[in-house]
Amino acid sequence: TDFPYGTAVPVPGMSHFEDVPIELVDMPPVTPDHIPGGLVNAARNADAVLIVIDLTSESVLEDLEGLLGALAEKDITFGSTEADGEEEMRFGPEGIILCNKSDLPGTSDTFETLKELRPAEPEMMMVSGRTGENLDVLMRKLFGVLDVIRVYSKEPGRPVDRDKPFILPAGSTVEELARHIHKDLATNLKYARVWGEKTFDGQQVHGKYGLHDRDVVEIHA
């Protein structure tokens, strides 16, 4: 809804980045004094938490800090932590602050003020639920957060099936794709042919070959 507290129970839905389905769950609102039941576990097990705030609220900064503080009390925080003094690692879900109602006058100034007053993480971006502004950018970001690749299967002598790609963790191998299709296929795998940006068309590869986003794979067993 376009008014506060319109979500009483979790409402799941499906959106897409290109041909990749991504599940979104609209959760009941959080206040500094109340976190709805089930939200903590949902947030901890999610790949990303989208924090929606209203740019037209006169207390938008206080609202945001109160919300982040309430989540932090439940050990749900966002940002990178330095590990062993060498590299940064992320613990828990990715966080993105969605500054909604960007289609209304004056919200750009409010957004710039928030950027000046807040840390760099979680990332903030302006969106409009009414006009759809930046929602395509959001879905691209979520695809990156998921860290997955799309792989299209091809049976020998038949055209590529591009309707439903296999969604695999980035870095997956041909053998893992075969196992994902059927365990017997992985057991009997001899070799595969791959079409993609990192190979020449129909290049023959072994089971340990690392796949890339949008590869086409023809498995021979």
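Shortest non-hydrogen contact noted between Thr31 and Ala70 is O-CB, 3.9 Å. Annotation for Phe17 and Met139: closest pair CB-O, 3.8 Å, computed over non-hydrogen atoms. Listed here is the closest heavy atom pair of Pro122 and Gly95: CB-O, 3.4 Å. Val174 and Ala192 make their closest contact through CG1-CB, 3.6 Å (heavy atoms, listed as atom of the first residue, atom of the second, distance). Here the shortest heavy-atom pairing between Pro28 and Pro10 reads CD-N, 3.9 Å. Pairing each heavy atom of Ile149 with each of Ala170, the nearest pair is CG2-CA, 4.0 Å.
Within the 3.5 Å criterion, the main-chain N or O of Ala42 finds no donor-acceptor partner in the side chain of Asn45. No donor-acceptor distance shorter than 3.5 angstrom exists from the side chain of Ser57 to the backbone of Ile53, with no hydrogens or angles considered. Between the side chain of Asn134 and the backbone N or O of Met126, at least one donor-acceptor pair lies under 3.5 Å. Side chain of Thr113 to main chain of Asp109: a donor-acceptor pair is present (N/O by atom type, distance under 3.5 Å, no hydrogens or angles). Between the side chain of Asn100 and the backbone N or O of Gly129, at least one donor-acceptor pair lies under 3.5 Å. Checking side-chain atoms of Ser102 against main-chain N and O of Val127 turns up a donor-acceptor pair under 3.5 Å. For Thr173 (side chain) and Gly210 (main-chain N/O), no donor-acceptor pair under 3.5 Å exists by modelled atom type.
The hydrophobic cluster containing Ile181 also contains Leu189, counting ILVMFWY residues as joined when their side-chain heavy atoms lie under 4.5 angstrom apart, directly or transitively.
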Mind running side-chain contact (heavy atoms from CB on, under 4.5 Å) on Leu24 and Leu142 for me, showing each step along the way? CA-CA 10 Å; Leu24 304 176; Leu142 291 181; 4.0 Å; yes
Residue pair Trp195, Val217: steps toward the side-chain contact (heavy atoms from CB on, under 4.5 Å) verdict: CA-CA 7 Å; Trp195 289 256; Val217 180; over 6 Å; no
For side-chain contact (heavy atoms from CB on, under 4.5 Å), just list the numbers for Leu138 and Leu50, CA-CA rounded to whole Å, side-chain angles, deciding distance to a tenth of an Å, and then say yes or no. CA-CA 10 Å; Leu138 171 63; Leu50 308 180; 4.1 Å; yes
Test side-chain contact (heavy atoms from CB on, under 4.5 Å) on Thr7 and Met27 and set out the steps. CA-CA 7 Å; Thr7 303; Met27 301 297 292; over 6 Å; no
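Using a cutoff of 4.0 Å between basic side-chain nitrogens and carboxylate oxygens, Glu18 and Arg214 are scored as salt-bridged. The existence of a salt bridge linking Glu218 and Arg158 is excluded, since no basic side-chain nitrogen approaches an acidic carboxylate oxygen closer than 4.0 Å.
Centroid-to-centroid, the aromatic rings of His206 and Tyr191 stay 6.0 Å apart or farther.
For CZ of Arg44, the number of neighbouring non-hydrogen atoms (other residues, nucleotides, ligands) closer than 6.0 Å is greater than 12.
Only one option out of Lys164, Arg150, Arg162 pairs with Asp19 in a salt bridge (Lys or Arg N to Asp or Glu O under 4.0 Å); it is Arg150.
Asp103 and Thr131 are not linked by any side-chain donor-acceptor pair at a separation below 3.5 angstrom, with hydrogens and angles left out of the test. A donor-acceptor pair shorter than 3.5 Å can be found between the side chains of Asp54 and Thr56. For the residue pair Ser153 and Asp161, no side-chain donor N or O sits within less than 3.5 Å of a side-chain acceptor on the partner.
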